[in-house]
Amino acid sequence: MKSKDAVAFLKRESTGRRLVWTVVWWGTHFGFFAYGWWSQYTNAKLAALNGLKYSVWTSRGAGLVLAFDGGLILLPVLRNVITAIRPALQRILPVDENLWFHRQVAYQLLLWTIIHTTAHYVNFINVERTQVRKERAVQIHYAQAGGITGHTMLLIMFLMYTTAHSSIRKQCFEAFWYTHHLAFFFMLALYTHATGCFVRDSVDPDYIPTFPFYSTEHCLGYLSWRFIIWPGIIYFGERVYRQVRAARATEIQRVLYHPGNVMEIRFKKPSMKYKAGQWLFLNVPDVSRWQWHPFTISSAPEDPFISVHIRQVGDFTTALGERLGATPDLHRLDSGKKGGRGEKNGFVEVDSGLGGERAVEVGPGMDRGMPKLRIDGPFGAPAEDVFASEVAVLVAAGIGVTPFASILKHIWYAQQAGKMGRLRRVEFVWTCRETGSFGWIKDLLEELEEAQRGSDFLRISIYLTQRMGSDEVHNIAINDVGQEYDPLTKLRSRTLYGRPDFHSFFANLATSIDNGSYLPGREARLKNRVGVYYCGPNPLARTVRTECLKIQSSTLDVRFAKEHF
């Protein structure tokens, strides 16, 4: 990290809510550590063990912190619980930052595991050296429950942490997915870690045949498993419920292949009710029996089907496309003139209206038929709250546009029904690398644009970031002269080239709201909420978040939310 970046990071982390979070978070952990240290140090029954001094005090303090984090680590991944409590508690709890919080707990687990393990290695060496008990270090390591479960957890943590790194997760999601399910065995080891009776006031404690297999009269552990096991029980119950829910009947209705190597799966699941902007886990046993991958729901609740749009970029999505027959080869079909529909070899081409490229419907006459589809969800997402703001700014990058396809359709239906809540204006900003990405959502944007004709309610800004040759630029310029519609998107809104200038965008937005020209009929002195919703890569998220929060003022309440999976 460069010195300038380091200074900016420290400045950001030492102000406002981040400073409060840092103080409370680290203060809680150091508080548990201090209490564990003090509890061991002042316990007269452990006078012999306290002869090991700093190493045993450190190991006990760090062990108590690990018990706290061991119970906390599962809470952020109780997805159904979070979805249920989100509408009521989102103002006081960061329910949309659950995965971020999960990582913060994981970082603490790693830090205190290093401290705890190092201290225990010193303990075991000192036990053998001083012969406070007639045991060798190797016996404690590999022949007693505490040592066996401890080393088991260390191995599992090594596998989980290394495969959870972003670079490995992107290149081989399967490695991350499978090793993360070792958490089941990690939690079992955590709950039974204290059964070895390392901390005791007798050389020969009286053992009992039932769990935890020793007399609590002589074994003086914290017995923290009695408290931290409850999140595990709740998590296990939720996973059972999710498996039952996922097994409910689901039928694939249509599969479409869109320009830009994007396939759309439309299905029907009568038992599933969802809100616009939510997401789900998808499993296709024919492709992978155990893998569940997250995808945003791209349909609106009012649609007669549920749909997801999937870009084929990884092993799973590519294999899924091949199994469904939704591959780039379909676009080699020659179905005649643009604007018509053609049929060939069991497939139907549907005009997408973009440069002659068409969405291709995969017919049901495939040799193997449609595969079985299992759906787990829906789960809550920040974009659900779009009607709680006067102004909604939807920022998408690439395939990150999928949740906003659902949101925009839902807004259109809400307009027809006159149920708009506080929402007065919508800004939709989408950045794409290539023109092929426009295809699958273009029809929706056309309908929305026509429905808003003569109204300032919806403003669409599409940015094309790919480099173009001089011939392409010349061709676009010629076709754009005097035309009512953009030559690339066929929308009234003109395509913009290059990356968006979010500093100017939000500055102009704030100025327009404050002078009363952006929200006619609403007094500028009233506090207006601007909800900024983002879905896309993290680097751009940081830029959008920084720039939008700069316009926070006494008259503008700006809320930023990023989609997480």
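Since the model is a prediction, treat every value here as computed from it, not as a measurement. Below, each value reflects all heavy atoms present in this structure, side chains not excepted, and no hydrogens, waters or symmetry copies.
- Applying the salt bridge (charged side-chain N to carboxylate O under 4.0 Å, His left out) definition to pairs two or more places apart or across chains, none involves residues 21-30.
- A salt bridge (charged side-chain N to carboxylate O under 4.0 Å, His left out) check over residues 395-405, counting only residues at least two apart or in different chains, returns nothing.
- Looking at residues two or more places apart in sequence or on another chain, you find a salt bridge (charged side-chain N to carboxylate O under 4.0 Å, His left out) between Asp376 and Arg242, Arg245.
- Residues Glu390 and Arg529 are not paired through a salt bridge, judged by the lack of any N-O separation under 4.0 Å between the basic side chain and the carboxylate.
- Considering only residues two or more places apart in sequence or on other chains, Tyr534 meets the ring pair (Phe, Tyr, Trp, His ring centres under 6.0 Å) condition with none of them.
- None of Leu282, Thr250, Val255 except one satisfies the side chain to side chain contact (heavy atoms under 4.5 Å, CB included) rule with Phe267; the exception is Thr250.
- Using cut-offs of 30° and 60° for the angle between ring planes, the His181 and Trp177 rings count as tilted.
- In this structure, Arg374 has no salt bridge (charged side-chain N to carboxylate O under 4.0 Å, His left out) partners at least two apart in sequence or on a different chain.
- Using a 3.5 Å distance cut-off with no hydrogens or angles, the side chains of Ser307 and Ser298 do pair a donor with an acceptor.
- Checked against a 6.0 Å centroid threshold, the rings of Phe281 and Phe379 count as neighbours.
- In this structure, Lys419 NZ and Tyr413 OH are separated by 14.0 Å, a value rounded to the nearest 0.5 Å.
- Looking only at atom types and distance, the side chain of Thr163 has no donor-acceptor partner in the side chain of Tyr178 under 3.5 Å away.
- Applying the side chain to side chain donor-acceptor pair (under 3.5 Å) criterion to His180, with sequence neighbours excluded, gives no partner residue.
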